[in-house]
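What follows is a single structure, written as structure tokens, with notes after it.
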Amino acid sequence: MAYEYDSENIFAKILRGEIPNNTVLETEHCLAFRDLYPQAPEHILVIPKGPYVNFDHFGAEASDTELADFSRTVARIAKEIGVSPDAGGQGYRLIANTGAHGVQDVPHMHMHLIGGRVLGRILQQA
Ligand code: DGP
């Protein structure tokens with residue numbers, strides 16, 4: 001089954017510059033910006049510039065270059081904002097909500113990088 005990308009989603013508009021964002025870091029293949037509704041002192045969204053619907057799509061079809069750039073970008077941001085344990089920070093959580101059970105709202109692949117406080121257990125009872 002082919003992935004269907006909706007080019008009118010909000011992150012596609014951010015990538016096209018149609019909607020402003022608070023950019024943290026931009027690379028050749030990724031954009032990272034602050035979440036509009038932060039759940040913690042640090043809440044950054046890292047997105048690939050390519051038209052991937054979710055992690056399922058990205059992990060299956062992105063090039064090795066895109067995948068490597070994405071991982072390196074996430075790790076670099078964690079260091080730059082000071083949450084990386086390697087940079088003296090207290091750690092962080094990565095979340096890529098995917099599909100209906102993942103409760104993904106925006107259909108453009110994104111990784112939440114969340115930190116700056118103790119985040120509790122990974123899941124709460126639904
Ligand atoms: P998810 O449920 O994983 O699809 O999370 C989508 C996130 O996107 C949510 O935490 C709020 C954030 N968000 C939604 N619209 C905007 C926007 O226009 N700008 C920014 N910076 N974040 C947005």
Side-chain angles (χ1 to χ4, degrees):
M1 202 169 81
Y3 297 97
E4 284 191 25
Y5 182 79
D6 170 14
S7 59
E8 291 308 308
N9 78 76
I10 201 96
F11 293 169
K13 291 180 180 177
I14 284 176
L15 282 170
R16 291 196 295 267
E18 294 166 13
I19 292 177
N21 74 91
N22 192 344
T23 298
V24 173
L25 185 66
E26 182 169 8
T27 69
E28 185 180 355
H29 298 289
C30 301
L31 182 69
F33 51 91
R34 294 207 167 266
D35 195 292
L36 203 54
Y37 309 106
Q39 305 285 318
E42 302 290 353
H43 190 164
I44 291 163
L45 299 168
V46 187
I47 70 173
K49 290 182 177 175
Y52 300 104
V53 173
N54 51 31
F55 189 86
D56 199 60
H57 188 191
F58 184 63
E61 297 191 2
S63 68
D64 290 355
T65 304
E66 290 173 299
L67 290 163
D69 185 69
F70 190 86
S71 293
R72 298 285 188 205
T73 299
V74 171
R76 183 176 156 194
I77 292 166
K79 286 201 192 325
E80 289 188 1
I81 66 173
V83 297
S84 161
D86 187 52
Q90 296 297 309
Y92 55 92
R93 182 170 293 157
L94 301 175
I95 301 172
N97 294 323
T98 299
H101 279 193
V103 194
Q104 179 183 5
D105 286 331
V106 180
H108 181 110
M109 155 63 188
H110 52 282
M111 188 73 78
H112 297 256
L113 193 172
I114 304 171
R117 67 170 172 81
V118 177
L119 297 166
R121 295 255 172 220
I122 188 166
L123 293 176
Q124 296 175 336
Q125 297 289 347

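Remember, it's 1-based here, ligands and their atoms both numbered in the order they're listed.
- Taking any N or O of Y37, backbone or side chain, none lies under 3.5 Å from an N or O belonging to ligand 1.
- Using modelled atom types and a 3.5 Å distance limit, the side chains of T23 and N21 yield a donor-acceptor pair.
- R34 O, 2.9 Å is the protein heavy atom nearest to atom 21 (N) of ligand 1.
- Around atom 11 (C) of ligand 1, the closest heavy atom drawn from D35, I44, T23, N22 belongs to D35.
- Heavy atoms from other residues, nucleotides or ligands lying under 6.0 Å from CD of Q90 number 12 at most.
- Among all protein heavy atoms, the one lying closest to atom 8 (O) of ligand 1 is F11 CZ, 3.4 Å.
- The Q104 neighbourhood of ligand 1 comprises atoms 4 (O), with distances under 4.0 Å to a heavy atom of that residue.
- Heavy atoms of H110 approach ligand 1 to within less than 4.0 angstrom.
- Heavy atoms from both the backbone and the side chain of L36 come within less than 4.0 Å of ligand 1.
- With a 4.0 Å cut-off on non-hydrogen atoms, V103 touches ligand 1 through its backbone and not its side chain.
- Checked by atom type, the side-chain pair D56/T98 shows no donor-acceptor distance below 3.5 Å.
- For atom 18 (O) of ligand 1, the nearest protein heavy atom (residue, atom name, distance) is I10 CG1, 3.6 Å.
- At least one heavy atom of H112 sits less than 4.0 Å from an atom of ligand 1.
- Checked against a 3.5 angstrom limit, the closest N/O atoms of F33 and ligand 1 fall outside it.
- No side-chain donor-acceptor contact under 3.5 Å links Y3 and N54.
- No more than 12 heavy atoms of other residues, nucleotides or ligands lie within 6.0 Å of CD in E4, so this atom counts as exposed by the packing criterion.
- Using a 4.0 Å cut-off between a side-chain N of Lys or Arg and a carboxylate O of Asp or Glu, E66 and K49 do not qualify as a salt bridge.
- Linking ILVMFWY residues whenever their side-chain heavy atoms come closer than 4.5 Å, directly or via other members, leaves L31 and V53 in distinct clusters.
- If you check the side chains of Y5 and H57, you find no donor sitting under 3.5 Å from an acceptor.
- A salt bridge links E8 to R16: at least one charged side-chain nitrogen sits closer than 4.0 Å to a carboxylate oxygen.
- Residue N97 approaches ligand 1 through these ligand atoms, each under 4.0 Å from one of its heavy atoms: 1 (P), 2 (O), 3 (O).
- Distances between N or O atoms of D105 and those of ligand 1 include at least one value under 3.5 Å.
- No N or O atom of I19 sits closer than 3.5 Å to an N or O atom of ligand 1.
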